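To start, the structure itself, in structure tokens.
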Amino acid sequence: MLETQVRHPLEPLSEEEIAAAVAILREQEILPARHRFVQVTLDEPPKHIVLGYHDGDPIDRAASIVLLDSPSGTAYEAIVSITDGTVRSWKAVAAGQPPITLEEFDECERACKASPEYREALRKRGITDLDLVIVDPWSAGSYGEDEGRRLSRALSWVRLNPNDNAYAHPIENVIAVVDLDRMEVVRIEDYGVVPVPMQPGNYTPDAVGTLRTDLQPLDIHQPDGPSFTIDGHAIQWQKWHLRLGFTPREGLVLHTVAYEDQGRLRPILYRAALSEMVVPYGDPAPTHYRKNAFDAGEANIGALANALELGCDCLGEIRYFDAVLVDGQGAPVTLKNAICLHEEDYGILWKHFDFRTGKAEVRRSRRLVISSISTVANYEYGFFWYLYQDGTIQFEVKLTGIVSTGAVPPGTTPKYGRLLNADGLYAPIHQHFFNLRLDLDVDGPINQVYEVHTEAAPPGPENPLNAAFYAKSTLLAREQEAQQTIDPLIGRTWRVANPNVRNATGEPVAYKLVPHGNVLPFADPEASISKRAGFISKHLWVTPYEPEELHAAGAYPNQHAGGAGLPAWTAANRPIADTDVGLWYTLGAHHLVRPEDW
Ligand code: CU
């Protein structure tokens with residue numbers, strides 16, 4: 001038992017609390033002999049407890065734990081009460097695999113290098129120095145073979161020297177199928193030798209020469225410090241109030257986002273986080289056709305966050321938050337400066353010049369930026385939440401890092417990708433889909449969701465010039481009506497209204513979800529990826545609030561056969577009008593790689 005030091009039920013678990021939760025599990029002697037911890041996070045209390053909490057109320061602290069029993073290949077979920085010192089629940093994971101852990105990355109690489117068959121495949125390609133080889137443990141996905149085992153279809157690259165960028169030198173057509181529970185190579189699939197592109201792809205100043213020197217300094221000074229205040233994980237900035245969280249699966253979590261309006265704290269968003277992401281590749285070549293990276297559910301993208309103490313990516317007065325994770329043995333690990341908080345000038349918020357009075361008024365825009373960057377082997381994802389002074393909340397993902405590469409014989413032009421250099425290095429065409437779970441509580445939990453678009457008025461006496469158009473709102477009453485795609489040509493948005501609270505015009509108060517550019521997937525509906533990532537088939541989904549429904553592709557998409565998550569939950573077509581609703585928005589980026597990306 002541990003006397004809690006925290007002062008809010010949503011404060012993330014501390015190192016002490018994680019150690020206590022793991023110790024409670026050990027005391028109960030239910031841990032398998034050879035186990036591996038995947039994650040330990042705060043078991044968030046029910047919404048009514050959080051919303052009813054007052055400073056000084058007793059706080060019940062509990063941990064949600066996922067771990068692997070390697071010899072049996074079974075994964076377990078536990079809820080441990082840190083407050084009571086008890087295990088509240090312990091159950092085996094029924095379908096799918098927990099995410100691949102960072103330790104498994106290393107161990108998988110070692111297992112490959114220990115395999116004579118793997119070494120033989122490399123030898124055929126003239127690669128004998130194993131120290132220069134890197135192995136990325138891509139998940140095996142689910143293709144009706146090797147079922148029931150925790151597997152990677154690992155891909156390899158080779159460096160020309162220990163500091164070389166290996167992604168310039170893909171070892172095409174060698175796939176190591178590795179059993180991650182036994183840490184042994186099941187088989188090597190070799191689809192034929194393609195020469196390894198040898199042209200270096202290094203990007204450090206020592207390789208590319210002096211960086212630009214013709215820019216004068218542009219400094220950002222906040223001599224009196226930032227305008228926000230921080231108390232634990234609670235943040236206040238201008239009229240905004242919110243709490244920060246961080247989980248290994250989701251990375252950044254925003255809790256209880258509210259706006260202060262003439263003394264009234266008006267709730268907007270109870271919880272917002274990345275619920276899942278997937279990167280489907282369009283190349284049918286054997287090295288690439290099963291590349292479908294669910295970087296949240298397969299790789300715990302939050303656990304791959306950069307420690308920004310190694311160099312911050314933001315300018316100005318920065319404040320950081322650490323993330324507390326666990327290693328495979330359940331020992332707490334603090335990732336220093338995983339979250340960056342700062343303010344940015346954002347140009348003009350509003351301007352008007354009154355030509356009659358000759359007076360101009362302008363207001364500058366300042367935004368609060370909450371960000372975190374994760375490195376998933378070659379790729380970098382920057383997750384940015386912005387809060388603006390006009391009440392806007394914005395989410396942006398920045399895609400950067402290094403593209404996933406392959407090799408074609410020199411002189412070949414790939415149909416399903418673009419060449420990056422003349423040495424046969426190429427990058428397959430792919431897409432990146434991110435799903436955001438947005439538990440909106442606009443002025444309270446009971447909300448309605450409307451589809452809004454603009455249409456032309458019919459000809460008639462009301463429309464004498466045949467040029468009239470108007471915005472049409474349609475209440476979305478059930479889940480399946482709310483499965484929609486963007487339509488920028490008719491200005492489609494979705495409005496989340498509270499019918500019980502009126503604004504100054506007498507209409508229900510609302511927030512609207514404004515989509516920007518988006519794409520849809522290309523895979524056939526019967527393809528494995530379409531079943532496993534059903535959430536990418538629509539941009540908007542709406543569900544009634546259910547705290548257990550957190551991840552768009554289900555709790556364990558790694559090697560899951562599919563159908564879980566949003567498609568399964570919404571099959572019941574539950575009512576969504578006048579209830580506590582959650583919006584799920586799928587945001588897709590299309591990536592036909594350019595040589596300039598390289
Ligand atoms: Cu990309």
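Every number for a ligand or one of its atoms is a count from 1 in the order of the listing. Remember, it's a predicted structure, so these values are computed and weren't measured experimentally. All residue numbers refer to positions in the sequence shown, counting from 1.
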Next on the checklist: Side chains of H560 and E298 only: does a donor on one sit below 3.5 Å from an acceptor on the other?
Outcome noted: no

Next on the checklist: Looking at V279, is its backbone amide N or carbonyl O close enough to the side chain of H430 to form a donor-acceptor pair, meaning the two atoms are under 3.5 Å apart?
Outcome noted: no

Checklist entry - Is any protein N, O or S atom closer than 2.8 Å to the Cu ion (ligand 1), and if so, which? => result Y379 OH, H430 NE2, H432 NE2, H591 ND1

Checklist outcome for this item: Applied to residues 402-431, the salt bridge (charged side-chain N to carboxylate O under 4.0 Å, His left out) test, sequence neighbours excluded, yields none

Item to check | Flag for W157-T405: side-chain donor and acceptor within less than 3.5 Å | outcome: yes

Would you mind writing out the side-chain donor-acceptor pairs for residues 183-196 within the sub-3.5 Å range, not counting sequence neighbours?
from	atom 1	to	atom 2	distance (Å)
R187	NE	E189	OE2	2.9
R187	NH1	D146	OD1	3.2
R187	NH2	E145	OE2	3.4
R187	NH2	D146	OD2	2.9
R187	NH2	E189	OE2	3.1
E189	OE1	R153	NH1	3.4
E189	OE1	R153	NH2	2.9
E189	OE1	Y191	OH	2.6
E189	OE2	R153	NH1	3.2
D190	OD1	R125	NH2	2.7
D190	OD1	G192	N	2.9
D190	OD2	R125	NH1	3.0

Checklist entry - How would you list, by chain and number, every residue that makes a side chain to side chain donor-acceptor pair (under 3.5 Å) with N161, sequence neighbours excluded? => result none

